[in-house]
Chemist: 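To start, I am sharing the structure in question, which I have written as structure tokens.
Bear in mind that the values here come from a model prediction, so they are computed numbers and not experimental data. Heavy-atom basis, side chains included; hydrogens, waters and symmetry copies ignored.
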Amino acid sequence: MPSLTVKLYSVFYKYHLRQQLHRLSQPDGSGSDPFGITSRPEEPIVPANPSFQNGVATKDIHVDPLSSLSLRIFLPDSVLGSPESSADRRDSVAYGGYSPPPPTKAKRSRKLPVVLQFHGGGFVGGSNASAANDAFCRRMARLCDAVVVAVGYRLAPESRYPAAFEDGLKVLNWLGKQANLASLRNVRSVRANRRIFDSFGESMAEPWLAAHGDPSRCVLLGVSSGANIADYVARKAVKAGKLLDPIKVVAQVLMYPFFAGNIPTKSEIKLSNSYFYDKAMCSLAWKLFLPEKEFDLDHPAANPLVSGTELDLKHMTPTLTVVAEHDLMRDRAIGYSEELRRANVDAPLLDYKDGVHEFATLDVLLHTPQALACAEDIAIWVKKYISLRGHEFSY
């Protein structure tokens, strides 16, 4: 059973979450907001820090002039290489930020895989810059030795479905554009000091990704509602195929996905009043996210196995699914993982005894042995697909 600390924290967490959901469900006359918001005022936010601290540097960028969509990039200090780069490491801290070296034939920057991360929060809360998400992404950047790009997608009810899903796909396409800009940047004349601009004449290639991101090794990592977004993006990536080149989504990780459906599962009945998230709060979150006249828990955004799914699962990306013993959503995640395996997809399942929903990503649980073990387990599996020495998956 979960510890007494977890049980007590769950009571307070559910109380505040219930208050938030009911407040958001009250009509305020503001209507929909296309620009949207990516965090709530009560969410503790950690500022980005471009200096390497605890092995990771971070920066925030706004990628869409028409919405609040934003990204936080996590860069591990392994990009600085071996001991001969220690002077660069000191300089990066002393001058308050890391600047990648200009591309030259003599010295190439170290390329790392890219992990595209989507935070949880039931589509109505959470943030890519929250204290918990920042700490979790730092951990994954170090363990996976990868550039982690945390997506600040638009939240409901200000921006209902499909806003968050469109934001996820927009970021994947943005990464592709960045990769193309970077390839131009690498072949330009350094002496001429030319700059590569986008179609708006404003944005250069993002320097951290240009210097250190390897778009051919892209992994999607979704937490709770973020797992729904990750799965949607993976499906679109499979459907697009080579149209996404040079981006290749080689794997995805779904951590306790926020799946639902009209016919209740055994876990939804048995754990309807489970820790941190109960069935009533989940239903209210879905009502706030789905279009007001289209509320249906068998909506494709909620139920990945709904009849008429456009993608044949046999073509799906390799998928690691994480579930917890005391999570009401576990049965649907297990069912989806089983269907992927039936379609001969590499889709292992990690089931954590005594775990609760978001046991590896909530701030109060982030530093527990179980959370640390989960992060390490994920990194071990992910490296199977991102290692340059291992076999790689391609469409």
Chemist: Side chains of F52 and V79: closer than 4.5 Å at any heavy-atom pair?
Modeler: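 Side chain of F52 against side chain of V79, heavy atoms only: contact under 4.5 Å found.
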Chemist: Is it true that a side-chain atom of S68 and a backbone atom of F35 form a donor plus acceptor pair closer than 3.5 Å?
Modeler: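 Flag set: sc S68 to bb F35 pair under 3.5 Å.
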Chemist: Between M140 and Q117, is the side-chain contact (heavy atoms from CB on, under 4.5 Å) condition met? List the steps.
Modeler: CA-CA 10 Å; M140 297 313 299; Q117 191 262 356; over 6 Å; no
Chemist: Only one of Y232, W286, Y161, F165 forms a ring pair (Phe, Tyr, Trp, His ring centres under 6.0 Å) with H299, so which one is it?
Modeler: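 The single option meeting the ring pair (Phe, Tyr, Trp, His ring centres under 6.0 Å) with H299 is Y161.
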Chemist: Taking atom OG of S274 and atom CG of L328, what is their separation to the nearest 0.5 Å?
Modeler: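 Answer rounded to 0.5 Å: 4.0 Å.
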Chemist: For a side-chain contact (heavy atoms from CB on, under 4.5 Å) check, start with the C-alpha distance between L143 and I380, then their side-chain angles and the critical distance, and finish with the verdict.
Modeler: CA-CA 9 Å; L143 289 175; I380 290 170; over 6 Å; no
Chemist: Measure the spacing between CD of E268 and NZ of K279 and express it to the nearest 0.5 Å.
Modeler: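 Between atom CD of E268 and atom NZ of K279 there are 4.0 Å.
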Chemist: Given Y256 and T361, is the side-chain hydrogen bond (donor to acceptor under 3.5 Å, both in side chains) satisfied, shown in steps?
Modeler: CA-CA 10 Å; Y256 20 81; T361 43; 2.8 Å; yes
Chemist: Where the side chain of S337 meets the backbone of A333, is there a donor-acceptor pair that is under 3.5 Å apart?
Modeler: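 Flag not set: sc S337 to bb A333 has no pair under 3.5 Å.
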Chemist: Work out which heavy atom in T317 is nearest to a heavy atom in V250; give both atom names and the distance.
Modeler: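 The answer is CG2-C, 3.7 Å.
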Chemist: If two hydrophobic side chains count as joined below 4.5 Å and joins carry through other members, does V219 share a cluster with L349?
Modeler: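 The answer is no; the residues belong to distinct hydrophobic clusters.
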Chemist: Can we say D167 and R154 salt-bridge, meaning some charged N sits less than 4.0 Å from an Asp/Glu carboxylate O?
Modeler: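 A salt bridge is present here (some side-chain N lies under 4.0 Å from a carboxylate O).
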Chemist: Can you confirm whether E42 is buried at CD, in the sense that more than 12 heavy atoms of other residues, nucleotides or ligands lie under 6.0 Å from that atom?
Modeler: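 Above 12, so yes.
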Chemist: Could you check, using the six-membered ring where one of them is a Trp, whether F276 and H357 have ring centers closer than 6.0 angstrom?
Modeler: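 So the answer is no for these two rings.
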Chemist: Around atom NZ of K270, are there more than 12 heavy atoms from other residues, nucleotides or ligands closer than 6.0 Å?
Modeler: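 It does not: K270 NZ has 12 such atoms or fewer within range.
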Chemist: Counting C-beta onward and ignoring hydrogens, is there a side-chain heavy-atom pair between Y385 and R217 closer than 4.5 Å?
Modeler: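 No, too far: nothing below the 4.5 Å cut-off.
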Chemist: Restricting to non-hydrogen atoms, name the atom on N133 and the atom on N128 that form the minimum distance, rounded to 0.1 Å.
Modeler: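 Here N133 and N128 meet closest at ND2-O, 3.2 Å.
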Chemist: Would you say L350 ends up clustered with V115 if hydrophobic residues are merged whenever their side chains have heavy atoms under 4.5 Å apart, either directly or through other cluster members?
Modeler: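 Per the 4.5 Å side-chain linkage, V115 and L350 are co-clustered.
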Chemist: Could you list the residues that satisfy ring pair (Phe, Tyr, Trp, His ring centres under 6.0 Å) with Y336, not counting sequence neighbours?
Modeler: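 Partners of Y336 under the ring pair (Phe, Tyr, Trp, His ring centres under 6.0 Å) test: F259.
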Chemist: Donor-acceptor pair, S51 side chain versus N49 backbone, under 3.5 Å?
Modeler: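 No, the answer is negative, given that no donor and acceptor are paired below the 3.5 Å cut-off.
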Chemist: In sequence, state the C-alpha distance, the side-chain angles, and the governing distance for K59 and L75, and then conclude on side-chain contact (heavy atoms from CB on, under 4.5 Å).
Modeler: CA-CA 9 Å; K59 70 156 67 168; L75 187 72; over 6 Å; no
Chemist: According to a hydrophobic-cluster definition based on side-chain heavy atoms being under 4.5 Å apart (Ile, Leu, Val, Met, Phe, Trp, Tyr only), do V323 and Y277 belong together?
Modeler: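 Cluster IDs for V323 and Y277 differ.
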Chemist: Let's go through T265 and S267 carefully: what are the C-alpha distance in whole Å and the side-chain angles of both, what is the deciding distance for side-chain hydrogen bond (donor to acceptor under 3.5 Å, both in side chains) to 0.1 Å, and is it a yes or a no?
Modeler: CA-CA 5 Å; T265 63; S267 65; 3.2 Å; yes
Chemist: Show the numbers, then the answer: is there a side-chain hydrogen bond (donor to acceptor under 3.5 Å, both in side chains) between D363 and Y13?
Modeler: CA-CA 11 Å; D363 51 358; Y13 184 90; over 6 Å; no
Chemist: What class does the angle between the rings of F123 and F289 fall in, given that below 30° is parallel, 30 to 60° is tilted and above 60° is perpendicular?
Modeler: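 Plane angle under 30°, so parallel.
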Chemist: Please answer whether the main-chain N or O of E206 pairs with a side-chain N or O of Q178 as donor and acceptor at a distance below 3.5 Å.
Modeler: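 It does hold such a pair.
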Chemist: For the residue pair A234 and L220, what are the closest heavy atoms and their distance?
Modeler: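 Closest heavy-atom pair between A234 and L220: N-CD1, 3.5 Å.
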Chemist: To the nearest 0.5 Å, tell me how far R235 CZ sits from H315 NE2.
Modeler: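 That separation rounds to 12.5 Å.
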Chemist: Would you say the side-chain atoms of Q370 pair up with the backbone N or O of K353, donor to acceptor, closer than 3.5 Å?
Modeler: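 Indeed, once roles are kept as given, a pair shorter than 3.5 Å links the two residues.
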Chemist: Does any N or O in the side chain of R72 come within less than 3.5 Å of the main-chain N or O of D60, such that one atom is a donor and the other an acceptor?
Modeler: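 Between the backbone of D60 and the side chain of R72 there is no qualifying donor-acceptor contact (under 3.5 Å).
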Chemist: Starting at CG of L71, measure out to CD1 of I61 and round the result to the nearest 0.5 Å.
Modeler: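 Rounded to the nearest 0.5 Å, the CG-CD1 separation comes out at 4.5 Å.
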Chemist: Mark yes or no for whether R18, through its side chain, and A280, through its backbone, hold a donor-acceptor pair below 3.5 Å.
Modeler: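 No; judged by distance alone, with no hydrogens or angles, the pair does not exist.
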Chemist: Would I73 and V147 count as a side-chain contact (heavy atoms from CB on, under 4.5 Å) if you check the C-alpha gap in whole Å, the side-chain angles of each, and the deciding distance to 0.1 Å?
Modeler: CA-CA 7 Å; I73 302 177; V147 180; 3.7 Å; yes
Chemist: Identify the heavy atoms of R142 and N54 that sit nearest to each other, and give their distance.
Modeler: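 So the two residues come closest at NH1-O, 3.1 Å.
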Chemist: Kindly give the heavy-atom pair with the smallest separation between S225 and G121, and that separation in Å.
Modeler: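 Closest approach of S225 to G121, heavy atoms only: OG-N, 3.5 Å.
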Chemist: Atom CG of N180 and atom CD1 of I247: how far apart are they, to the nearest 0.5 Å?
Modeler: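 So the CG of N180 and the CD1 of I247 are separated by 8.5 Å.
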Chemist: Between the main-chain N or O of M1 and the side-chain N or O of D354, is there a donor-acceptor pair closer than 3.5 Å?
Modeler: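 Yes; at least one donor-acceptor contact below 3.5 Å.
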Chemist: Would you say the side-chain atoms of R160 pair up with the backbone N or O of L288, donor to acceptor, closer than 3.5 Å?
Modeler: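 Checked: pair present.
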Chemist: Identify the two heavy atoms, one from N262 and one from R332, that lie closest to each other, and give their separation to 0.1 Å.
Modeler: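 In terms of heavy atoms, the two residues are closest at N-NH2, 4.4 Å.
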Chemist: With rounding to the nearest 0.5 angstrom, report the CE to CD distance, M329 to E358.
Modeler: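 M329 CE to E358 CD: 8.5 Å, rounded to 0.5 Å.
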Chemist: Salt-bridged, K236 to E166, with N to O below 4.0 Å?
Modeler: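 No.
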Chemist: If only atom types and distance count, is the side chain of H212 paired as donor or acceptor with the main-chain N or O of R110 below 3.5 Å?
Modeler: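 Confirmed, H212 side chain pairs with R110 backbone.
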Chemist: State whether D145 and K383 are salt-bridged, where the test is any N-O pair (Lys NZ or Arg NE/NH1/NH2 against Asp/Glu carboxylate O) under 4.0 Å.
Modeler: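 No.
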